[in-house]
Every structure is written in structure tokens, then in C-alpha cells.
Amino acid sequence: MNTIKPMCHDFAALLSLFAAGELTAKQSASVAAHLSACAACRQKVAAYEQLSAHLTKLAPPTLPEGFFDDFHAGVKKKIASVEGAQQQQQQMAGWLVMVHALYRRRRLAIAIVTLLLLLSIPTWLTHDRRFMAPPPSNLTQLLEQRDWMGLYYAMRNSELRTSLLNEPVPVQLLHTALAELLKAQHQDPKIRLGLQQVLAKIKTREGISLGLGRSAQILGAITATGYATAIPSRQIVWNPEMSLLALTQVDANKTMTIHQLLLTTNLEGNKL
Amino acid sequence: MEIPEQAFTQIVASHQRALVQLAYRLVGNLEDAKDLAQWAFAKLWLNHERVDNERQVFYYLRKILVNLCIDHLRRRGKVEPEVEFEENQFSSDDANPLQQLEEQELHHQLWSCIEALKPKQKVTLILRDLEGYSVEETATILDCTKNNVLCNVHLARENVRRKIQQWLAIA
Ligand SMILES: [Zn+2]
């Protein structure tokens, strides 16, 4: 059989995606096959990998102290400016209706004016804003309420995440919540995905936060090199079942942070 | 959904840093970044009926912010980036100072390459490669398909890689 051998040109648009692990398995395999025979494309992939390493190192802005002090006030000012303009527009519309009505019928006009006057009480004053409790931002509450989605979103916030990871929680609560979560994840793929993402967002000691996409590939686990105090530079896969086992061996009346929990368990078994 | 004052305060507090950082990377100066991020929150408050849950709040804020930033970039045209680099950013105990300096210079150069990209490519590259959103998340924020994201991020990386290699060849 005579097949056309794919050329470098065919792969040009795929190399950066290959380097970033964004291709499907099939695409990856065909790129890899080409790379094994083509030094030029290999070099290009290496360049993309270097570039991506530098891009992730580009520093976030250093914010001056007190940067956020007036932030919320600024938001409110902007809201007020829009609402003010909207109210003016509404009033204008009201006047137009009235003038129009006056022009047509007098008695109707009076009725409309009265109605407009009644309606002109600003809607936002009478508007019933039902009270809704803000989502809890501490781990104990999140676990008590089994608010997995809340936990997921809290974990996505880097400031909250640090405090959640270091918040002492009763071992008893940690144990029951984790057990329920593990049970639920077998039934509900959404919970499983959420759990993976929560775990993936946990920072390693080097400060590498694995992106959600990349971490989803590492199923149900994190590459927590930072926690590998005994065997540095080796990947440790966090095993939730192992953590659960470890928790049964701790005094249920004590407290523990998630950080400590991760330190105590790894692939080699629990080391409490 | 109804967003009571207290919940809104909480939303602002938990997203403000991420939004300012994203806006800063997109527009290159802090003052504009702050202003644009504040507008994103204001729009959320004014259009609260468009979101039903926290997940939607998360994406709505970023969607709005990215659009505001793209508009801002288009209106403003090309200007020199104000991005600054701190020396301590690279200093680890055993690092070589010369290498650090070169790295700083390289990062400076990287920023001007990113600055020069077309808005759509720039925004995709920043979301995907700097902010670390997954392809799916980037697609949701940009309201486009995953293939669209892959295409734009490839073009952006290719453009940056070419320019950087030219620069390295001269330097
Ligand atoms: Zn080739």
C-alpha cells in the first residue's frame, strides 16, 4: 500500500499543543511518531516547552499596600453612576408618556399622572431583596454542611485556599465528611470531578499550582512533591482512602488540618 | 439570582485579587486594571438576574472583565507596557546573578511580545498559559469553542516563540 508520509508542515499547528498536552491521545501518538524521526520538530517542541516554562514564571503584579482598601467603594460609585443614569432615563420616559397622554385625553392624563407619581417611588427601595446567607468561608462549616461545590470554589481562591488548608478541623468531622465524600464520588461523577479539582488546586511546596486541565489528567490525585519530605523530588500520589484509614488511627477528639493530613499519608502507606 | 448586599461584598472580596491580576496582565497597568475590575463587579450587581449560582458568578465576572479589557485595548491602541520586574523575584540562594539578569531581560522581552499580539490571541494566551485556566474554562470565559481556544493559543505561542528566537539570535 502506498501512503503519503506526513510532512513537518502537517504537524506545524500541533507542536505547541503537543508540548502543552492539549492534544487527543490519537493526535499525540501521531505527533510523537513524527518526532521520533524528525530532529527539527523535536527542537521546536523543546522551544515551546521552554517558552511555556518562562510564561508560567512571569510574575503577577506587586500590589501596593492598601490597594484594595477603596476597591469596594469604587465599585459602588460605578453602580450608582449607572443607576442614576437609568433613573433619569426612566423619568424621561415617564414624562414622554404623560405628555403624549395629555395631548390625547385629559381625564386619562390625570389618571396616568397619578399612576406615575405612585410608581415613581424608586423601585429599589421597595424591591424585596431576600436575605441570602453568604457562603461560609471556613473549612469546618463547609464540611459540616457537606458543601462540596462551596469547597471547590473556595479552593479556587488562592487566599481562601491557604487558610482552608491550615484550618484545624475536628478529626471526627474530617473522617465522616471524607468517608461520605468518597462514597458519594462513586455515585456522582460530578462530585468525583469536583474532588479531583479541589485536590488539584492544592499548592505544592514549590508553589506550583497545577492547572485544572492538566490536573484532571492525574486522576483523583495530586503530584504533591512539596509534601515529600522524606523522598524529595519524587512524586507522591495522594490517596484519599489511605487518608481515611489514617484518620481512624488518630484521636477523634483532636483537630487536624488538611495540610497535616496530606503530610501523614502517601503512596507508601500511612505514617502517623 | 438575588444578590444581597452582604453576599455581594463577599463576592467582591473573594474575586478582587484574581480579577485585578487578570486585568493587569491584559492591559499592563494597575490603575486601569483596578478600574476595569471594578466595572466587572458593578455589571454583576446590575445584571444579577443573569447568574444563578456561584459557578456562573465566577465565569460571568471573568467574561465581562475580558470583554471590557479587549474594548479598552482596542480603544487605547498600542502603548508601551508598564510592566516592572522585581529583582527578588528570581533570587534563590544558589542562582547565578548573571543568569538572573538574563532571565529578567528575557521576561521583559516576553512581555513586549505578548503586548504586541492581537487582542484575541493575547487574551487566550494569558488565560491559558499565564493564569492557568484549562482549555474548557478558557472557552467558557471567551464564549467560544475549544478548537477556537486551541487555534488562538497556538498562533499566540507561535508568534511569541518566533519573536523571542529572533531576539535571542540578535542578543
Ligand atoms: Zn518534522
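Please read all numbers here as calculations on a predicted model, not as lab measurements. In what follows, every chain begins at residue 1, and chains take the letters A, B, ... in the order their sequences are listed.
- Geometrically, B/R62 engages B/F58 in a cation-pi contact, judged by NZ or CZ lying under 6.0 Å from the ring centre and within 45° of the ring axis.
- For the residue pair B/D32 and B/Y24, no side-chain donor N or O sits within less than 3.5 Å of a side-chain acceptor on the partner.
- Both the backbone and the side chain of B/E158 come within contact range of chain A, judged by heavy atoms closer than 4.5 Å.
- Proximity to chain B (any heavy atom under 4.5 Å) is shown, for A/K77, by neither the backbone nor the side chain.
- Between chain A and the options B/L150, B/V153, B/V160, the largest number of non-hydrogen pairs under 4.5 Å is found for B/L150.
- Inter-residue side-chain proximity for B/V20 and A/F68 is flagged as met; some heavy-atom pair is nearer than 4.5 Å.
- For the pair B/T124/B/C144, no side-chain contact is recorded, criterion being any heavy-atom separation below 4.5 Å from C-beta on.
- For B/R161, the parts sitting under 4.5 Å from any heavy atom of chain A are the backbone and the side chain alike.
- The shortest distance between side-chain heavy atoms of B/L61 and B/I11 falls below 4.5 Å.
- For A/I79, the parts lying under 4.5 angstrom from a heavy atom of chain B are both the backbone and the side chain.
- Taking the ring-ring contact (aromatic ring centres under 6.0 Å, His included) definition, one finds that A/F67 meets it with nothing, sequence neighbours left out.
- Options B/Q21, B/K43, B/Q16 differ in how many heavy-atom pairs under 4.5 Å they form with chain A, and the most are formed by B/Q16.
- The aromatic rings of B/H15 and B/F41 lie tilted to each other, with the angle between the two planes from 30° to 60°.
- Using a 4.5 Å cut-off between heavy atoms, B/I114 contacts chain A through its side chain alone, with no backbone atom that close.
- B/W167 has its side chain within reach of B/L106: a pair of non-hydrogen atoms, C-beta onward, lies under 4.5 Å apart.
- Using non-hydrogen atoms only and a strict 4.5 Å limit, the part of residues 41-49 of chain A facing chain B consists of A/K44, A/A47, A/Y48.
- Not less than 6.0 angstrom separates the ring centroid of B/F8 from the ring centroid of B/H48.
- The closest side-chain donor-acceptor pair between B/E137 and B/S134 falls under 3.5 angstrom.
- Residue B/L155 does not touch chain A at all, counting heavy-atom pairs closer than 4.5 Å.
- The contact between A/A12 and chain B is made entirely by backbone atoms, counting heavy-atom distances below 4.5 Å.
- Annotation: side chain of B/I164 is in contact with side chain of B/C113 (closest heavy-atom distance under 4.5 Å).
- For B/A33, no part lies under 4.5 angstrom from a heavy atom of chain A.
- Considering only heavy-atom pairs separated by less than 4.5 Å from chain B, the leading option among A/P61, A/A19, A/A80 is A/P61.
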